[in-house]
Student: 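Pasting a structure below so you can have a look.
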Amino acid sequence: MNVIVGTIVALLCIAGGYMAHGGKLMALFQPFEVLIIGGAALGAMIISNPKAVTMGVFKSVGPLLKPTPYNKNFYLELLALMFDIFNKIKRQGMIAIESDIDDPHASPIFSKYPSITNDHHVTEFISDYLRIMMLGAMAPHEMENLMDMELETHHAESALVPGAITKVSDGLPGFGIVAAVLGIVNTMGSLGGPPEILGQKVGAALVGTLLGILFAYGFVGPFASLLEHKEREHAKFYECIKVCLMATINGAPPKIAVEFGRKIVYHSMRPTFQELEDRVSKK
């Protein structure tokens, strides 16, 4: 929603200010300038990134327009799931969760939290480390190091798409200048013609510079920043899982383990102690 609202505000203010000075909106309608700038930016992005990153840029449009899933209710679901798993381990032993982690979708515990289970990567992350805990093959500090390395890899990978978009944003003003120069070259071929024709051609060339700067700082750059915020929220969600698991490995009771996880959540999304208590006590 903030993408749509911000875009509308930016366009209305720019167009309103321009028209207030007597400008005509149709003078800004220069589709060939957009083609030059957009095509050059797209080509540069394809050249500079692997195919997977380029495809990730296009796929990022959906997440940009959707609100973040990492809200208070989502964290409550996660912490309640972790509590149920830890509680079962405490009462029945580690071996009791084997069937749950082998097939989470058929697990009575995981199936109670479809919002978590529907995220394949989150479910896999939880199941993998619970399996390592069940096997007892690693010391706590070794498991923590492995988690840190996996999360670092995940963070580096998730930063590729916002980074690619940022580089496109950095190049857009230059591509706007390219469009403007091409417009001036086109104008030079019409010297000696009617002044109004020359004026239109020069105006079209200047619009190229305008669009390059506007696209860079008004839209593409902010889109990259928003994706970075979303990736930070995503990384924090995994960090919350890690903290809960490590607390359990180090012997914390289930309620204390999930409290550890709750404490590292961003304040805007963090459930209160009582909200978490009520959620894990729910039958």
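Scope of the values below: all heavy atoms of this structure, side chains included, with no hydrogens, waters or symmetry mates. Source: prediction; values computed, not measured.
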Student: What heavy-atom pair brings Ser111 and Thr117 nearest, and what distance separates the two atoms?
Tutor: N-OG1, 4.4 Å
Student: Is Glu233 paired with Lys230 through a side-chain N to carboxylate O contact shorter than 4.0 Å?
Tutor: no
Student: Ignoring hydrogens and geometry beyond distance, is a side-chain donor-acceptor pair present between Glu77 and Asn73 at under 3.5 Å?
Tutor: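 Asn73 and Glu77 do not have a side-chain donor-acceptor pair below 3.5 Å.
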Student: Please step through side-chain contact (heavy atoms from CB on, under 4.5 Å) for the pair Tyr113 and Asp84, ending with a clear verdict.
Tutor: CA-CA 11 Å; Tyr113 307 98; Asp84 284 353; 2.5 Å; yes
Student: Measuring from Ile97:CD1 to Met134:CE, what's the distance to the nearest 0.5 Å?
Tutor: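 If we round to the nearest 0.5 Å, Ile97:CD1 and Met134:CE are 6.5 Å apart.
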Student: If you draw a 6.0 Å radius around NZ in Lys88, do more than 12 non-hydrogen atoms from other residues or ligands fall strictly inside?
Tutor: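 Above 12, so yes.
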Student: When you measure from the side chain of Arg262 to the backbone of Pro271, do you find a donor-acceptor pair of N or O atoms at a distance under 3.5 Å?
Tutor: yes
Student: Check the surroundings of atom CZ in Phe260: do more than 12 heavy atoms from other residues, nucleotides or ligands lie under 6.0 Å from it?
Tutor: no
Student: Asp100 versus Ile85: any side-chain heavy-atom pair under 4.5 Å?
Tutor: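 Side-chain contact under 4.5 Å: no.
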Student: Considering non-hydrogen atoms only, spot the tightest contact between Cys240 and Gly261 and give its length.
Tutor: SG-O, 3.4 Å
Student: Would Met147 and Glu144 count as a side-chain contact (heavy atoms from CB on, under 4.5 Å) if you check the C-alpha gap in whole Å, the side-chain angles of each, and the deciding distance to 0.1 Å?
Tutor: CA-CA 5 Å; Met147 284 188 188; Glu144 184 172 16; 5.6 Å; no
Student: Let me check something: do Leu226 and Leu11 share a hydrophobic cluster, defined by ILVMFWY side-chain heavy atoms less than 4.5 Å apart, either directly or through other members?
Tutor: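 Leu226 clusters together with Leu11.
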Student: If you look at every heavy atom in Asn250 and Pro140, which pair is closest and at what distance?
Tutor: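 Nearest pair, atom of Asn250 first, then Pro140: OD1-CB, 3.8 Å.
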Student: Would Ile37 and Ile177 show up in the same hydrophobic cluster when neighbours are defined by side-chain heavy atoms closer than 4.5 Å?
Tutor: no
Student: Looking at every non-hydrogen atom in both residues, tell me the closest pair between Val168 and Ala41 and how far apart they are.
Tutor: CG1-CB, 4.0 Å
Student: What distance do Leu130 atom CG and Asp102 atom CG have between them, rounded to the nearest 0.5 Å?
Tutor: 11.0 Å
Student: Side-chain contact, heavy-atom cut-off 4.5 Å: Met246 with Lys242?
Tutor: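 Side chain of Met246 against side chain of Lys242, heavy atoms only: contact under 4.5 Å found.
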Student: Would you check if the side chain of Glu33 reaches a backbone N or O of Gln30 as a donor-acceptor pair within less than 3.5 Å?
Tutor: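 Not at all, since once roles are kept as given, no pair shorter than 3.5 Å links the two residues.
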Student: Indicate yes or no: at least one non-hydrogen side-chain atom of Ser127 is less than 4.5 angstrom from one of Phe110.
Tutor: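 Yes; the side chains approach each other to less than 4.5 Å.
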Student: Would you find a donor on one side and an acceptor on the other, under 3.5 Å apart, between the side chain of Ser169 and the backbone of Ala216?
Tutor: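 Checking the backbone N and O of Ala216 against the side chain of Ser169, a donor-acceptor pair under 3.5 Å is found.
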Student: Charged N to carboxylate O under 4.0 angstrom, Arg131 versus Asp128?
Tutor: yes
Student: Tell me whether Leu151 is reachable from Leu160 by hopping between hydrophobic residues (I, L, V, M, F, W, Y) whose side-chain heavy atoms are closer than 4.5 Å.
Tutor: no
Student: For residues Pro162 and Ala224, report the shortest heavy-atom separation together with the two atoms involved.
Tutor: O-CB, 3.7 Å
Student: Are Phe237 and Phe74 side-chain neighbours, meaning at least one heavy-atom pair lies under 4.5 Å?
Tutor: yes
Student: Cation-pi check for Tyr70 against Lys236: NZ or CZ below 6.0 Å from the six-membered ring centre and within 45 degrees of the axis, yes or no?
Tutor: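 Pair Lys236/Tyr70 does not count as cation-pi.
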Student: Considering only heavy atoms from C-beta outward, does the side chain of Leu28 approach that of Leu211 to under 4.5 Å?
Tutor: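 In short, these two side chains do not touch, never coming nearer than 4.5 Å.
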Student: Where do Thr248 and Ala257 come nearest, in terms of heavy atoms and distance?
Tutor: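 Scanning both residues, the minimum pair turns out to be OG1-CB, 3.5 Å.
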Student: Let's go through Ile241 and Met82 carefully: what are the C-alpha distance in whole Å and the side-chain angles of both, what is the deciding distance for side-chain contact (heavy atoms from CB on, under 4.5 Å) to 0.1 Å, and is it a yes or a no?
Tutor: CA-CA 8 Å; Ile241 297 171; Met82 302 304 287; 4.1 Å; yes
Student: Is atom CZ of Phe32 surrounded by more than 12 heavy atoms (other residues, nucleotides or ligands) closer than 6.0 Å?
Tutor: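 Atom CZ in Phe32 is not crowded, with 12 or fewer foreign heavy atoms closer than 6.0 Å.
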Student: Do Pro31 and Val34 come close enough that some side-chain heavy atom pair is under 4.5 Å?
Tutor: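 Of all side-chain heavy-atom pairs linking Val34 with Pro31, none is under 4.5 Å.
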Student: Would you say Leu182 and Leu206 are hydrophobically clustered, going by side-chain heavy atoms of ILVMFWY under 4.5 Å?
Tutor: no
Student: Take Met45 and Val53, measure what side-chain contact (heavy atoms from CB on, under 4.5 Å) needs, and give me the verdict at the end.
Tutor: CA-CA 9 Å; Met45 184 180 70; Val53 176; over 6 Å; no
Student: For Tyr75 and Glu275, run side-chain hydrogen bond (donor to acceptor under 3.5 Å, both in side chains): C-alpha distance rounded to whole Å, both residues' side-chain angles, the deciding distance at 0.1 Å, then the answer.
Tutor: CA-CA 11 Å; Tyr75 272 104; Glu275 286 172 332; over 6 Å; no
Student: If you round to the nearest 0.5 Å, how far is CD1 of Ile95 from CD1 of Ile89?
Tutor: 11.0 Å
Student: Rounded to the nearest 0.5 Å, how far apart are CG of Asp148 and NE2 of His155?
Tutor: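 That separation rounds to 13.0 Å.
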Student: So Lys72 and Val265, do their side chains get closer than 4.5 Å, heavy atoms only?
Tutor: no
Student: What's the separation between atom CG in Leu64 and atom CG in Leu227, rounded to the nearest 0.5 Å?
Tutor: 4.0 Å
Student: Any chance you could measure Met133, atom CE, to Ile249, atom CD1, to the nearest 0.5 Å?
Tutor: 4.5 Å
Student: For Asn118 and Pro114, indicate whether the former's side chain and the latter's backbone hold a donor-acceptor pair under 3.5 Å.
Tutor: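 The answer is yes, because a donor-acceptor pair under 3.5 Å joins these two groups.
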Student: Can you find a pair of side-chain heavy atoms, one from Cys244 and one from Phe86, that are under 4.5 Å apart?
Tutor: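 The answer is yes; the side chains approach within 4.5 Å.
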Student: Verify the cluster assignment for Leu25 and Ile14: are they in a single hydrophobic cluster under the rule of side-chain heavy atoms below 4.5 Å apart?
Tutor: yes
Student: Look at the aromatic rings of His234 and Tyr238 and report parallel, tilted or perpendicular, splitting at 30° and 60°.
Tutor: perpendicular
